[in-house]
Amino acid sequence: MSDKGKSLNFIEHIIEEDLRNGFPDHLLRFRFPPEPNGYLHIGHASSICLNFGLGLRYDAPVNLRFDDTNPTKEEQEYVDAIKKDVEWLGFSWDKECYASDYFQQLYDWAEALITDGKAYVDSQNSGDIAAQKGTPTEAGTNSPYRDRPVEENLELFRKMKEGAFEEGAHVLRAKIDMASPNMLMRDPVMYRILHRAHHRTNTDWCIYPLYDWTHGESDYIEQVSHSLCTLEFGPHRELYDWFLDQVTASDKVRPKQREFARRNLSHTVVSKRKLLQLVEQGHVNGWDDPRMPTISGLRRRGCTPAALRSFAETIGIAKRENVVDVALLDHHMREDLNKITPRVMAVLDPVRVIITNYPKEGEEWVQAENNPEDPNSGHRELPFSGELFIEREDFREEANRKFFRLKLGGEVRLKNAYIIKAESVKKDREGEILEIHCTYDPKSRSGSGTPESLRKVKGTLHWVSARHAIRGEVRLYDRLFSDPTPDGHKEKNFLDFINPDSLMTVTAIMEPGLKDAKPGERYQFQRLGYFCVDSDSTEGHLVFNRTVTLRDTWAKIELKQV
RNA sequence: UGGCCCAUGGUGUAAUCGGCAACACUACUGAUUUUGGUUCAGUCAUUCUAGGUUCGAGUCCUAGUGGGCCAACCA
C-alpha cells in the first residue's frame, strides 16, 4: 500500500505489536469469511478492504473463505455473486476456501473431544436446552445427559452422522461450564442434525457444525494469523480460544480473533434481513437495484471500485458505534468520476429554444472538450442549429441578479457555442412555456478568438440541438430512506422512512454521439451529475442511471431564498 | 441482578513513551472558472462528568454517567 506514512488503525497496532514480539511477518495471513446466504453490501466492502488492505500492506496472503455450515440458507448463487463482487473491488485472494472442505477434519476433532470427555451428545429438544441455559444474570443447569459415558456418546454421535436420527433428536455439545458468566461457554452446541443437501457436499453429511466450532478451527487449518470480525462476536472470543486450545499444536500459528465495529451508513440499512425484506416486498427491484447499498447495487448505479476503496480507507476502522454520513460516499464517487468520465450534454427536462436570427435550415459543428480534467481525453464535434433544447429550470422570465441563467432580456453562454439573449416566450393556454425565442451573437462562437467570443457572461448552459438529438431513458435515483438512521427508531419500523421519490424516470434529450453508449459506461452529464449506462439498455433504447449529482451550490442558494 | 466492549467538532477517523488536539467529509466565507462542477484560501472542539497521580493527562488511576453486545440446533 502507499500509506506507509499514515497513522495506523487499532488492528494494525495489534499486528505491529505482534511483529515486535517476534511473530514472523512471513506467517501473517488474513481471510475474508462471508456466509453465502445473501449479497454483499457496503459494510462488507469495508471489511473486504480491511482484510485485503492488510494483505497488501504486509505482503501477506488473504483467503476468501465461505462460511457454509448452514445448508438451509446457503446457495451457490451467492457464492458466485460474492466472488464477482470481491474481484470487482479489485482484490485477489490467495486460496478460495470453504468451511465445508473441513467437515471431515472437524468431525474427527469432535470425536477426539468426545473421547477426551470434553463433548457429549444431548438428547433434549432445543426448548429444554434453552431453558437450562439460564440468563445473563443466572447460572444455567446441567443437562441430564451431561455425564453420558464416552462410549455411548461416541456411538450416538456416529449414528447421528450416519443419519439414524431425525432432525432435532440429538446434538453434540461441548462440555465447558453451565455457570460461566459468558453464556456462550454454557455447553455450546457443536453439531446439529440436518437432513438437507448442501450446495457443495450434497447429501454426504446430515450433521452440520455450528459457527463457533467451525470458524476458529477453519482459521487454524488455513493458518490465518489474524481473524477479524465484527463487535458482536466479542463474547465469542473466549469460546474461539477454548476450541483452539483443544487442537492447536505448538509449532503452528494460533489464530487471533479481534473485533471491530461494523460500519453503518446514513440513510440506508445494512442488515441482510432488512435488505432481503426490501427486495421481497418490492420496495426495490432486486438485490442490484441502484438504490440498494449492496456492492452489486452500487456497481449498477455506476459507483467505481476506486471510489469504494478510498471511501473505506477514509472511514477507517475502530470499535465504537458509528453512522457514516452517506455524503462522504457521494464525495468519493464524485472525486473518482470527476477524473475519469467523459463530459457530454443531456437535457433532462427540456424546453425549446428558437434562435430567430440563425439561418433557417442552418447547422454547424462546434468543438467540445471531452474532459477538462484529463488533457489526453481529446475533443469531439457537436452539432449546433437554430433550434435547441435547454433545461427548463435554466430559464426564468424574471429573476434577480443571483440567477446566472437565462432570463428575458438577459444573456447567457451556450457551452462550447454562442452567447444568446432571450427576447420573448411563447406559451400554451395554461401558461406553460413552449418556446423561448432568442437571438445569438454570430461573432461570439467559443474558441473563435474574437473579442465577442471573449466576452464574460455570467452563466453557461448545456444544450442539445433539437434536430440532431437522440432520446433516452434516465433513472434519477435519490436516497432510499429520508431518515439518517431508518432502523434506529424503537417505535417505528424502518420501512416507514422509505423515500417515496427515491426513483424518478424521465426521457432525456441527449447529444447524438451517445447513441453508441454501452452498458457500464460512465459519463458526466454536464452541470447535472454522473450517469452510467444500465444493463436494461437495448438496441435503440438507452437507459442511464444517475450515480450521483454534481455538487449544487445554486440549489443551496435557492433554498435559502425561500 | 452477572459478564464483555465503547465514549475526541455536525459526521468518520488520528494523536509515538504522558508533551502545541490532526486529517477527511459536511456547513459557512472568499478567490478562480465557458460546468453555480473542478481547483485554491479561510472559519467551526471546554477530548462524557467528578475526583486523583504528574512540571504536564485525550492518553494513567478511582468513581459515576451514557451507549452497545450476550439467554439461535443462525453467522
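Naming: A, B, ... by sequence-line order, numbering from 1 per chain. Every value quoted in this text rests on a predicted model; they were computed, and no experiment measured them.
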Sugar-phosphate only, base, or nothing, as touched by A:G447 at under 4.0 Å among non-hydrogen atoms
base

Quick one: are the ring centres of A:H489 and A:F494 less than 6.0 Å apart?
no

Using centres under 5.5 Å plus planes under 30 degrees as the test, is A:Y211 stacked with B:A75?
no

Using heavy atoms and a sub-4.0 Å distance, could you list which residues of residues 64-77 of chain A are near RNA chain B? By number, please.
A:D67, A:T69, A:N70, A:K73

Whole-angstrom distance between B:C61 and B:C4, as gauged at atom P:
15 Å

Option passing side chain to side chain contact (heavy atoms under 4.5 Å, CB included) with A:W213 (candidates A:T69, A:L113, A:V189):
A:L113

For atom CZ of A:F531 and atom C1' of B:U35, their distance in whole Å:
13 Å

What interatomic distance, in whole Å, is found between C1' of B:A22 and the corresponding atom of B:G64?
30 Å

Pick the C1' atom in B:C28 and in B:A14, then give their distance to the nearest Å.
25 Å

Taking any heavy-atom pair under 4.0 Å as a contact, classify A:T553: base, sugar-phosphate, or nothing.
sugar-phosphate

What integer distance in Å separates A:K133:NZ from B:G2:C1'?
16 Å

Check every strand shown and say whether A:N416 touches a base, only sugar-phosphate, or nothing at a heavy-atom separation below 4.0 Å.
base

Can you tell me how far P of B:G12 sits from CD of A:E313, to the nearest Å?
18 Å

How far does the C1' atom of B:U1 sit from the matching atom of B:A7, given to the nearest Å?
25 Å

In whole Å, what separates the P atom of B:G66 from that of B:A41?
45 Å

Return one dot-bracket line describing RNA chain B 5' to 3' (Watson-Crick or G-U wobble pairs, both distances under 3.5 Å; ( ) same strand, [ ] crossing, | another strand, . none).
.((((((..((((.....[..)))).(((((.......)))))....(((((..]....))))))))))).....

Rounded P spacing from B:C44 to B:G37 in Å:
24 Å

C1' spacing across the pair B:A27 / B:G68, given as an integer number of angstrom:
30 Å

Grab the CZ-P distance between A:F260 and B:U13 for me, whole Å please.
13 Å

If we take the P atom in both B:G30 and B:C69, what is their distance in whole Å?
45 Å

For A:D441, all residues meeting salt bridge (Lys or Arg N to Asp or Glu O under 4.0 Å), sequence neighbours excluded
A:R455

Which residue is it: A:F544, A:F525, A:Y523? I am looking for the one with a ring pair (Phe, Tyr, Trp, His ring centres under 6.0 Å) to A:F531.
A:F525

